[in-house]
Amino acid sequence: MTEKLNNIRQPLYDISCTRKAVNTLLVFVFGVFMGIFSKWLDCIPSNYLPYLLEMLDISNFFGRMAVWYLIAVILSIYSKTPLRAALNVFLFFSGMLAGYYTYTRIFAGFYPDTSYLMIWICLTIISPVLAFICWYAKGRGKIAAVISSIIIAVLFLQAFSFGFTYCNVLYQGLEIIVWLAGIAVLYKSPKQLAIMLGMSFVFAFVFIIIFPFGFVM
(Lines give C-alpha, C1' and ligand atoms only; values in the text may rest on other atoms or scores of the structure.)
Protein backbone atom coordinates (compact mmCIF):
# COMPACT_ATOMS: atom_id res chain seq x y z
CA MET A 1 0.00 0.00 0.00
CA THR A 2 2.84 2.40 0.89
CA GLU A 3 4.53 1.73 -2.45
CA LYS A 4 1.28 2.45 -4.29
CA LEU A 5 0.84 5.74 -2.43
CA ASN A 6 4.42 6.74 -3.14
CA ASN A 7 3.69 6.30 -6.83
CA ILE A 8 0.87 8.81 -6.44
CA ARG A 9 3.06 11.50 -4.92
CA GLN A 10 6.78 11.44 -4.27
CA PRO A 11 8.09 13.20 -1.14
CA LEU A 12 9.59 16.61 -1.84
CA TYR A 13 13.30 17.34 -1.50
CA ASP A 14 14.76 16.84 1.95
CA ILE A 15 15.77 19.73 4.24
CA SER A 16 18.22 20.00 7.11
CA CYS A 17 17.35 18.91 10.65
CA THR A 18 17.72 22.49 11.82
CA ARG A 19 15.24 23.74 9.23
CA LYS A 20 12.83 20.96 10.19
CA ALA A 21 13.05 21.95 13.86
CA VAL A 22 12.48 25.62 13.02
CA ASN A 23 9.50 24.78 10.81
CA THR A 24 8.03 22.58 13.52
CA LEU A 25 8.36 25.35 16.10
CA LEU A 26 6.80 27.90 13.74
CA VAL A 27 3.81 25.64 13.09
CA PHE A 28 3.24 25.24 16.83
CA VAL A 29 3.59 28.99 17.43
CA PHE A 30 1.18 29.67 14.55
CA GLY A 31 -1.31 27.33 16.22
CA VAL A 32 -0.93 29.13 19.55
CA PHE A 33 -1.44 32.49 17.84
CA MET A 34 -4.55 31.31 16.00
CA GLY A 35 -6.01 29.87 19.20
CA ILE A 36 -5.47 33.15 21.05
CA PHE A 37 -6.80 35.16 18.13
CA SER A 38 -9.92 32.99 17.91
CA LYS A 39 -10.63 33.35 21.63
CA TRP A 40 -9.95 37.08 21.51
CA LEU A 41 -12.61 37.37 18.80
CA ASP A 42 -14.97 35.44 21.08
CA CYS A 43 -14.42 37.87 23.93
CA ILE A 44 -14.49 41.21 22.12
CA PRO A 45 -17.94 42.73 21.39
CA SER A 46 -18.67 42.47 17.68
CA ASN A 47 -19.45 46.20 17.41
CA TYR A 48 -15.86 46.95 18.43
CA LEU A 49 -14.65 45.36 15.20
CA PRO A 50 -14.47 47.16 11.85
CA TYR A 51 -17.90 47.33 10.21
CA LEU A 52 -17.06 44.86 7.43
CA LEU A 53 -15.77 42.25 9.88
CA GLU A 54 -18.86 42.74 12.02
CA MET A 55 -21.15 42.21 9.03
CA LEU A 56 -19.22 39.10 8.01
CA ASP A 57 -19.63 37.74 11.55
CA ILE A 58 -15.91 37.02 11.71
CA SER A 59 -16.06 36.05 15.40
CA ASN A 60 -18.41 33.15 14.80
CA PHE A 61 -16.58 32.23 11.59
CA PHE A 62 -13.51 31.27 13.63
CA GLY A 63 -15.77 29.37 16.01
CA ARG A 64 -16.89 27.07 13.19
CA MET A 65 -14.93 24.31 11.49
CA ALA A 66 -14.35 25.33 7.87
CA VAL A 67 -11.37 27.62 8.38
CA TRP A 68 -9.64 25.06 10.61
CA TYR A 69 -10.20 22.31 8.03
CA LEU A 70 -8.65 24.51 5.35
CA ILE A 71 -5.59 25.38 7.46
CA ALA A 72 -5.05 21.69 8.22
CA VAL A 73 -5.31 20.79 4.53
CA ILE A 74 -2.82 23.50 3.53
CA LEU A 75 -0.36 22.41 6.21
CA SER A 76 -0.75 18.81 5.06
CA ILE A 77 -0.30 19.15 1.33
CA TYR A 78 2.60 21.60 1.57
CA SER A 79 4.57 19.50 4.06
CA LYS A 80 7.65 17.73 2.71
CA THR A 81 6.49 14.19 3.54
CA PRO A 82 3.28 12.57 4.82
CA LEU A 83 4.92 12.03 8.22
CA ARG A 84 5.80 15.70 8.40
CA ALA A 85 2.21 16.50 7.44
CA ALA A 86 0.96 14.39 10.36
CA LEU A 87 3.37 16.09 12.76
CA ASN A 88 2.67 19.62 11.51
CA VAL A 89 -1.09 19.32 11.73
CA PHE A 90 -0.95 17.69 15.16
CA LEU A 91 1.31 20.46 16.47
CA PHE A 92 -0.87 23.15 14.93
CA PHE A 93 -4.01 21.89 16.64
CA SER A 94 -2.12 21.27 19.90
CA GLY A 95 -0.86 24.85 19.80
CA MET A 96 -4.30 26.16 18.90
CA LEU A 97 -5.86 24.36 21.87
CA ALA A 98 -3.10 25.55 24.21
CA GLY A 99 -3.51 29.16 23.10
CA TYR A 100 -7.31 29.10 23.10
CA TYR A 101 -7.82 27.56 26.51
CA THR A 102 -4.93 29.38 28.20
CA TYR A 103 -6.39 32.68 27.04
CA THR A 104 -9.82 31.53 28.22
CA ARG A 105 -8.53 30.74 31.70
CA ILE A 106 -6.21 33.71 32.21
CA PHE A 107 -7.95 36.58 30.42
CA ALA A 108 -11.60 35.49 30.17
CA GLY A 109 -11.53 34.23 33.76
CA PHE A 110 -13.43 30.97 33.46
CA TYR A 111 -12.84 27.33 32.68
CA PRO A 112 -13.72 26.20 29.16
CA ASP A 113 -16.73 24.03 28.46
CA THR A 114 -15.61 20.43 28.98
CA SER A 115 -17.75 18.87 26.23
CA TYR A 116 -16.51 21.37 23.63
CA LEU A 117 -12.94 20.84 24.81
CA MET A 118 -13.28 17.07 24.38
CA ILE A 119 -14.47 17.50 20.79
CA TRP A 120 -11.32 19.45 19.95
CA ILE A 121 -9.08 17.04 21.83
CA CYS A 122 -10.53 14.14 19.84
CA LEU A 123 -10.02 16.04 16.57
CA THR A 124 -6.44 16.81 17.58
CA ILE A 125 -5.75 13.16 18.36
CA ILE A 126 -7.03 11.89 15.01
CA SER A 127 -5.61 14.82 13.01
CA PRO A 128 -2.21 13.15 12.28
CA VAL A 129 -3.91 10.23 10.55
CA LEU A 130 -6.09 12.52 8.46
CA ALA A 131 -3.14 14.78 7.63
CA PHE A 132 -1.06 11.80 6.52
CA ILE A 133 -3.82 10.83 4.09
CA CYS A 134 -4.44 14.42 2.94
CA TRP A 135 -0.79 14.81 1.92
CA TYR A 136 -1.45 12.49 -1.04
CA ALA A 137 -4.30 14.68 -2.31
CA LYS A 138 -1.78 16.80 -4.20
CA GLY A 139 -0.54 13.77 -6.15
CA ARG A 140 -1.72 12.03 -9.30
CA GLY A 141 -4.01 9.14 -9.99
CA LYS A 142 -7.33 7.81 -8.75
CA ILE A 143 -6.52 7.70 -5.05
CA ALA A 144 -5.35 11.32 -5.07
CA ALA A 145 -8.55 12.32 -6.92
CA VAL A 146 -10.71 10.55 -4.34
CA ILE A 147 -8.90 12.17 -1.41
CA SER A 148 -9.16 15.62 -3.03
CA SER A 149 -12.85 15.10 -3.71
CA ILE A 150 -13.58 14.11 -0.11
CA ILE A 151 -11.78 17.21 1.17
CA ILE A 152 -13.74 19.48 -1.17
CA ALA A 153 -17.00 17.71 -0.25
CA VAL A 154 -16.42 18.37 3.45
CA LEU A 155 -15.65 22.06 2.77
CA PHE A 156 -18.72 22.27 0.53
CA LEU A 157 -20.92 21.01 3.36
CA GLN A 158 -19.55 23.77 5.60
CA ALA A 159 -20.74 26.38 3.09
CA PHE A 160 -24.04 25.00 1.78
CA SER A 161 -27.10 23.19 3.01
CA PHE A 162 -28.49 21.18 0.14
CA GLY A 163 -30.59 18.26 -0.97
CA PHE A 164 -32.14 16.96 -4.15
CA THR A 165 -34.44 19.98 -4.53
CA TYR A 166 -32.65 22.86 -2.78
CA CYS A 167 -29.27 24.47 -2.10
CA ASN A 168 -28.91 27.23 0.50
CA VAL A 169 -25.90 29.28 1.52
CA LEU A 170 -24.99 28.95 5.17
CA TYR A 171 -23.91 31.87 7.34
CA GLN A 172 -22.53 35.03 5.67
CA GLY A 173 -20.64 33.41 2.82
CA LEU A 174 -17.13 33.19 4.30
CA GLU A 175 -17.32 29.41 4.13
CA ILE A 176 -17.84 29.75 0.37
CA ILE A 177 -14.48 31.54 0.20
CA VAL A 178 -12.94 28.70 2.22
CA TRP A 179 -14.46 26.13 -0.16
CA LEU A 180 -13.09 28.01 -3.19
CA ALA A 181 -9.70 28.32 -1.50
CA GLY A 182 -9.69 24.57 -0.92
CA ILE A 183 -10.39 24.00 -4.61
CA ALA A 184 -7.57 26.39 -5.51
CA VAL A 185 -4.92 24.71 -3.37
CA LEU A 186 -5.88 21.26 -4.67
CA TYR A 187 -6.09 22.34 -8.32
CA LYS A 188 -3.74 20.62 -10.79
CA SER A 189 -5.42 20.83 -14.22
CA PRO A 190 -8.82 21.63 -15.78
CA LYS A 191 -9.54 17.91 -16.24
CA GLN A 192 -8.59 17.15 -12.65
CA LEU A 193 -10.76 20.05 -11.47
CA ALA A 194 -13.82 18.74 -13.33
CA ILE A 195 -13.34 15.23 -11.93
CA MET A 196 -12.69 16.52 -8.42
CA LEU A 197 -15.80 18.73 -8.37
CA GLY A 198 -18.03 16.04 -9.85
CA MET A 199 -16.88 13.44 -7.35
CA SER A 200 -17.10 15.91 -4.47
CA PHE A 201 -20.82 16.46 -5.09
CA VAL A 202 -21.36 12.70 -5.03
CA PHE A 203 -19.47 12.41 -1.76
CA ALA A 204 -21.40 15.37 -0.33
CA PHE A 205 -24.72 13.61 -1.03
CA VAL A 206 -23.42 10.44 0.58
CA PHE A 207 -22.22 12.34 3.65
CA ILE A 208 -25.52 14.13 4.25
CA ILE A 209 -27.36 10.82 3.99
CA ILE A 210 -25.05 9.08 6.45
CA PHE A 211 -24.36 12.08 8.73
CA PRO A 212 -27.23 14.53 8.23
CA PHE A 213 -26.11 16.72 11.18
CA GLY A 214 -22.43 15.86 11.35
CA PHE A 215 -20.60 18.29 9.11
CA VAL A 216 -21.59 21.70 10.39
CA MET A 217 -20.50 23.04 13.77
Side-chain angles (χ1 to χ4, degrees), residues 1-16 19-35 61-62 64-97 120 123-159 174-204 207 215:
M1 181 63 180
T2 302
E3 183 178 355
K4 183 182 291 187
L5 288 175
N6 284 337
N7 289 331
I8 297 171
R9 181 181 180 189
Q10 293 296 327
L12 302 178
Y13 60 88
D14 199 10
I15 58 176
S16 67
R19 179 66 181 276
K20 289 178 181 179
V22 171
N23 289 349
T24 296
L25 177 61
L26 289 176
V27 168
F28 181 77
V29 170
F30 177 55
V32 172
F33 170 79
M34 291 302 295
F61 171 67
F62 278 94
R64 298 190 291 266
M65 296 298 295
V67 63
W68 305 108
Y69 287 157
L70 178 63
I71 292 173
V73 168
I74 292 173
L75 287 174
S76 297
I77 65 175
Y78 288 109
S79 295
K80 302 300 181 183
T81 68
L83 290 176
R84 292 291 300 174
L87 177 62
N88 287 340
V89 172
F90 177 75
L91 288 176
F92 170 76
F93 280 120
S94 297
M96 187 271 288
L97 282 176
W120 277 104
L123 288 173
T124 301
I125 291 172
I126 66 172
S127 66
V129 176
L130 300 178
F132 187 97
I133 296 171
C134 283
W135 186 86
Y136 292 96
K138 200 64 174 174
R140 302 286 178 180
K142 295 179 181 178
I143 295 178
V146 169
I147 296 171
S148 298
S149 299
I150 292 174
I151 293 170
I152 296 304
V154 172
L155 293 177
F156 179 82
L157 290 174
Q158 302 300 307
L174 286 177
E175 274 77 2
I176 297 178
I177 297 175
V178 170
W179 172 59
L180 294 174
I183 293 172
V185 299
L186 291 171
Y187 174 85
K188 290 185 283 290
S189 68
K191 180 181 178 180
Q192 176 266 352
L193 175 62
I195 294 172
M196 180 176 68
L197 288 178
M199 292 177 62
S200 71
F201 293 134
V202 174
F203 280 119
F207 290 154
F215 280 89

Scanning both residues in full, the closest heavy-atom pair of Gly139 with Lys188 reads O-CE, 2.8 Å
Interatomic distance, CZ@Phe61 vs CD1@Ile177, rounded to 0.5 Å, equals 7.5 Å
Carefully, step by step, assess Leu123 and Met65 under the rule side-chain contact (heavy atoms from CB on, under 4.5 Å).
CA-CA 11 Å; Leu123 288 173; Met65 296 298 295; 3.4 Å; yes
At what distance, to the nearest 0.5 angstrom, does CD1 of Ile176 lie from CG of Leu155?
12.5 Å
Atom OH of Tyr187 and atom CG of Leu197: how far apart are they, to the nearest 0.5 Å?
11.0 Å
Test your reading of the model: is there a side-chain donor-acceptor pair from Gln192 to the backbone of Arg140, 3.5 Å cut-off?
no
When you measure from the side chain of Lys138 to the backbone of Val185, do you find a donor-acceptor pair of N or O atoms at a distance under 3.5 Å?
yes
Only pairs at least two apart or in different chains count here, so list each salt bridge (charged side-chain N to carboxylate O under 4.0 Å, His left out) that has a residue in residues 141-152.
none
Is there a side-chain contact (heavy atoms from CB on, under 4.5 Å) between Trp135 and Ile147 once you walk through the steps?
CA-CA 9 Å; Trp135 186 86; Ile147 296 171; over 6 Å; no
Closest non-hydrogen atom pair between Ala144 and Tyr136, with its separation:
CB-O, 3.3 Å
side-chain contact (heavy atoms from CB on, under 4.5 Å) involving Ile71 - partner list, sequence neighbours excluded
Phe30, Met34, Val67, Trp68, Leu75, Phe92
What's the verdict on side-chain contact (heavy atoms from CB on, under 4.5 Å) for Thr124 and Met96, showing C-alpha distance, side-chain angles and the deciding distance?
CA-CA 10 Å; Thr124 301; Met96 187 271 288; 5.9 Å; no
Using 0.5 Å steps for rounding, measure from the CZ atom of Phe28 to the CG atom of Leu87.
11.5 Å
Between the side chain of Ser94 and the main-chain N/O of Leu91, is any donor-acceptor distance below 3.5 Å?
no
Indicate the atoms forming the closest heavy-atom contact of Leu70 with Val178, along with that distance.
CB-CG1, 3.7 Å
Does Val29 have any side-chain contact (heavy atoms from CB on, under 4.5 Å) partners at least two apart in sequence or in another chain, and if so, which?
Leu25
In terms of heavy-atom contacts, Cys134 and Ile77 come closest through O-CG2, 3.5 Å
Ser149 and Ile195 have their tightest heavy-atom pair at OG-O, 4.2 Å
For the CZ atom on Phe90, are there more than 12 heavy atoms of other groups (residues, nucleotides or ligands in this structure) within a distance under 6.0 Å?
no
Would you say that Phe207 contacts Ile150 through its side chain, given a criterion of any heavy-atom pair below 4.5 Å between the two side chains?
yes
Ring centres under 6.0 Å, that's the criterion: do Phe203 and Phe156 meet it?
no
Does the Ser148 side chain pair with the main chain of Ala137, one donor and one acceptor, at a distance under 3.5 Å?
yes
Shortest non-hydrogen contact from Ile152 to Gly182?
CD1-C, 3.5 Å
